[in-house]
Asker: 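Dropping the structure in here first, questions after.
Lettering follows sequence order; numbering is per chain, from 1.
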Amino acid sequence: MVKITFPDNQVREYQEGITGIDIAKSLSNSLAKEVVAVTVNGEIWDSTRVINTDASIKLHKFDDKEGKHAFWHSSAHLMAEALELLYPGIRFGIGPAIENGFYYDVDPGDGVVITEGDLPKIEQKMKELVAQKSQYLREDISKAEVLDYFKKKGEVYKVELISELEDGTITLYKQGNFTDLCRGPHLPDTGHIKAIKLLSIAGAYWRGDEKRKQLTRIYGITFPKQAMLDEYLELLEQAKARDHRKIGKELELFMFSAKVGQGLPLWLPKGTALRERLQDFLKKVQKRYGYDLVMTPHIGHKDLYVTSGHYEKYGKDSFQPIKTPQEGEEFMLKPMNCPHHCEMYKGKPRSYKDLPVRFAEFGTVYRYEQSGELHGLTRVRGFTQDDAHIFCRPDQLKDEFKKVIDIILYIFKTLDFPDFTTQVSLRDKVNREKYIGTDENWEKAERAIIEAADEKGLKTIVEYGEAAFYGPKLDFMVKDAIGRSWQLGTIQVDYNLPERFELEYTGSDDLKHRPVMIHRAPFGSMERFVAVLIEHTAGKFPLWLTPDQAIILPISEKYHEYAEKVLKFLNNYDIRTLIDTRAEKIGKKIRDAELKRIPYLVIVGEKEAGDGTISVRKQGVGDQGTMKAEEFIQIVNKEVQDQTAELQ
RNA sequence: GCCGAUGUAGCUCAGCUGGCCAGAGCAGCUGAUUUGUAAUCAGCUGGUCGGGGGUUCGAAUCCCUCCAUCGGCUCCA
């Protein structure tokens, strides 16, 4: 007998040779049908693998992370089996489970191209294989034998992978006629995979190396129930409907022009109004936190970036320098604001009493992003950072860091991003040559960040090796309304630039000291943030931010005069109001205003003109009844105040 | 930059196994209607079929090339 300990510490005895599935069966038959994997003493196993010792276990269904992983990984194998049947001679790279589904990188062979049009056919073949309910069989085989097997098959990618594994036994999984190198775990059989959707196809370099062969990556997702797939596809539809590129066009917020150049956003009047309002908001917050607003030009002398080190690191891949016609002096489009700010810091002698110095700038920068990487407003070649650089004494670092965290938390709160995660990026534990600065400084900075985050109650993930070469950082990822994560704000400690620019302050000891720099951008960039805000709100911006707060809809031309009066009145009270005087029926005007996501629709007709009132309709909600314009102004002001409460 | 796909009116899309003057809906304009909470009716305007080159008697349709967009890869100060 073996003793099996369950997650709730309950212990039961079973026969030796029992499997996860058997244990599940002993609890309930329905559970047994759903179990896809089992954690045994901390290791994830197939639910069909025999347990011969005492063990603590946890059963996994599709609804937990481990279960999904096994499910999708098995699905990747299933797809591979289908591909091998459809494309004889196909070679396989890797086929992992990912956050939403799985993919497999394949080399279809010379001259063979798999396109999206082929996906239904592959899906169909997978469904046929599901019907066969082939078991996933685990085998331990010696490395030499496995190598031999894959070599004979001509699986060059697998051979490469196996060669790098340690000697000894290697596990293979086999289902039907398909055998793959794999650690597992896998489903008991293919019959579990009830719903299949292959989503897209893309090129992917073998082992992520652009110098190596580009394989074909096929993305798919599967579920144990058709209804779950339908739900997932529905979510994708929703995401599509929220696409900031689509909404940005519809609401006339921004546009692109091939003639102006790719990746160079043009902010239309409505988008500009939105962005200006966001910037005003930030300016106000930053002013309160002791920032000084500065402005610097869009270009800078090449030497500036040679000094900062950026020229060496990024110069080759940037927009190339422009030259003055007479002297041939080289200037670069500003790729970041910090070097300018460093020069401003150097503009006069600084005393320890002056620190921290905080320079904030909505600085527009230009970076040569690879053409394939451009994406709406989230990845562009010209963008405006909500940038600031704090120059402080080392002893002020932690406090300054905490203040920046405060700003970011406040911004997230005001803009209604309640759900976010943070990541502390530290030096690599082993490989330390790539970092500049002394060990002492690094340790100080890393400790400052961790403590600051901790004291602010942030739950952080710590990632080693993710720090920038010049210092550790703290990144903020927000979750949007439909659960997607977006990387936004960042706070970075920098020992590099103060060194390179030889920044100094005079200490109380009358000696020269080197300040520490903090780079921080709560939004990252205005472009990126507006994109995230659009996707988060689906274009229904909060009242205080939205370009147009209300629109007056006269029932007919007869009430235009009264409507104009109301318009003037509302605008006088700073309610951003439009009017729709088209010869359309009220239903049409309402529809169009709703589609434009205008928060309040003000309807005026005979009744309202008669007794000097307005009829208010709230976007997405409906009729709010009749009231005096004064009353409406109060409602709007109250809502704006509530949304920006702590700002007052 | 790489792989694959796409590019037809301001927008969404049809036509694309080569062949009557390239179509529809919405938007726009004009007129009628004077309207009560998500699309009033009629008429009209509008297109170098992404640009260039080629094949052909004939190209939106086939080929080449460039540009842009989309999905990924790589990159991201």
Asker: Provide the full list of ring pair (Phe, Tyr, Trp, His ring centres under 6.0 Å) pairs with a residue in residues 88-124 of chain A, sequence neighbours left out, each pair given once.
Answerer: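 As it turns out, the ring pair (Phe, Tyr, Trp, His ring centres under 6.0 Å) pairs with a partner in residues 88-124 of chain A, which skip direct neighbours, are A/Phe92-A/Tyr104, A/Phe92-A/Phe178, A/Tyr103-A/Tyr219.
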Asker: So, using side-chain contact (heavy atoms from CB on, under 4.5 Å) as the criterion, who are the partners of A/Leu236 when residues are at least two apart?
Answerer: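 A/Leu199, A/Tyr232, A/Leu233.
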Asker: Describe, in one word, how the ring planes of A/Phe476 and A/Phe420 are oriented to each other, choosing from parallel (under 30°), tilted (30 to 60°) and perpendicular (over 60°).
Answerer: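 Correct class here is tilted.
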Asker: Which one, B/A77, B/U37, B/C73, comes nearest to the side chain of A/Ile586?
Answerer: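 The closest nucleotide is B/U37.
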Asker: Extract from the structure each pairing of a protein N or O with an N or O of nucleotides 11-17 of chain B at less than 3.5 Å, listing the distance.
Answerer:
none

Asker: For a quick check of understanding: with a heavy-atom distance under 4.0 Å over all strands, which category does A/Glu594 fall into, base, sugar-phosphate or nothing?
Answerer: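 It contacts base atoms.
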Asker: Protein-nucleotides 65-70 of chain B N/O pairs closer than 3.5 Å?
Answerer:
{"from": "B/A68", "atom 1": "OP1", "to": "A/Gln262", "atom 2": "OE1", "distance (Å)": "3.3"}
{"from": "B/U69", "atom 1": "OP2", "to": "A/Gln262", "atom 2": "NE2", "distance (Å)": "2.4"}
{"from": "B/C70", "atom 1": "OP1", "to": "A/Arg245", "atom 2": "NH1", "distance (Å)": "2.9"}
{"from": "B/C70", "atom 1": "O3'", "to": "A/Arg245", "atom 2": "NH1", "distance (Å)": "3.4"}

Asker: Could you write out each protein N or O paired with an N or O of nucleotides 27-34 of chain B at a distance under 3.5 Å?
Answerer:
{"from": "B/A27", "atom 1": "OP1", "to": "A/Lys588", "atom 2": "NZ", "distance (Å)": "2.8"}
{"from": "B/U34", "atom 1": "O2", "to": "A/Ser556", "atom 2": "OG", "distance (Å)": "3.3"}
{"from": "B/U34", "atom 1": "O2", "to": "A/Glu557", "atom 2": "N", "distance (Å)": "2.9"}
{"from": "B/U34", "atom 1": "N3", "to": "A/Glu557", "atom 2": "OE1", "distance (Å)": "3.1"}
{"from": "B/U34", "atom 1": "O4", "to": "A/Glu557", "atom 2": "OE1", "distance (Å)": "2.7"}

Asker: More 5' along RNA chain B: A/Gly208 or A/Lys589, using each one's nearest nucleotide?
Answerer: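 The 5'-side residue here is A/Lys589.
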Asker: Can you list the residues that meet the ring-ring contact (aromatic ring centres under 6.0 Å, His included) rule with A/Phe362, with sequence neighbours excluded?
Answerer: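 Applying ring-ring contact (aromatic ring centres under 6.0 Å, His included) to A/Phe362 gives none.
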Asker: Tell me what A/Arg617 touches on the nucleic acid: a base, only sugar-phosphate, or nothing, going by heavy atoms under 4.0 Å.
Answerer: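 If one applies the 4.0 Å heavy-atom cut-off, A/Arg617 turns out to touch a base.
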Asker: I'd like a list of close polar pairs between nucleotides 45-49 of chain B and the protein, N/O only, cut-off under 3.5 Å.
Answerer:
none

Asker: List for me each residue that meets side-chain hydrogen bond (donor to acceptor under 3.5 Å, both in side chains) alongside A/Tyr205, sequence neighbours excluded, and say none if there are none.
Answerer: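 A/Tyr205: no side-chain hydrogen bond (donor to acceptor under 3.5 Å, both in side chains) contacts found.
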Asker: Could you go through residues 254-266 of chain A and list every donor-acceptor pair under 3.5 Å that involves a side-chain atom there, pairing it with any protein atom two or more places apart or in another chain?
Answerer:
{"from": "A/Ser257", "atom 1": "OG", "to": "A/Lys259", "atom 2": "N", "distance (Å)": "3.1"}
{"from": "A/Ser257", "atom 1": "OG", "to": "A/Val260", "atom 2": "N", "distance (Å)": "3.0"}

Asker: Given pairs defined as Watson-Crick or G-U wobble with both distances under 3.5 Å, what dot-bracket annotation applies to RNA chain B, with ( ) intrastrand, [ ] crossing, | other strand and . unpaired?
Answerer: (((((((..((((.....[...)))).(((((.......))))).....(((((..]....))))))))))))....
Asker: Is there a residue in residues 598-607 of chain A whose heavy atoms reach under 4.0 Å of RNA chain B, and which residues are they?
Answerer: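 Listed by number, they are A/Ile603, A/Gly605, A/Glu606, A/Lys607.
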Asker: Please list, by residue number, the residues of residues 296-315 of chain A whose heavy atoms come closer than 4.0 Å to an atom of RNA chain B; answer none if no residue qualifies.
Answerer: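 Under 4.0 Å from RNA chain B: A/His310, A/Tyr314.
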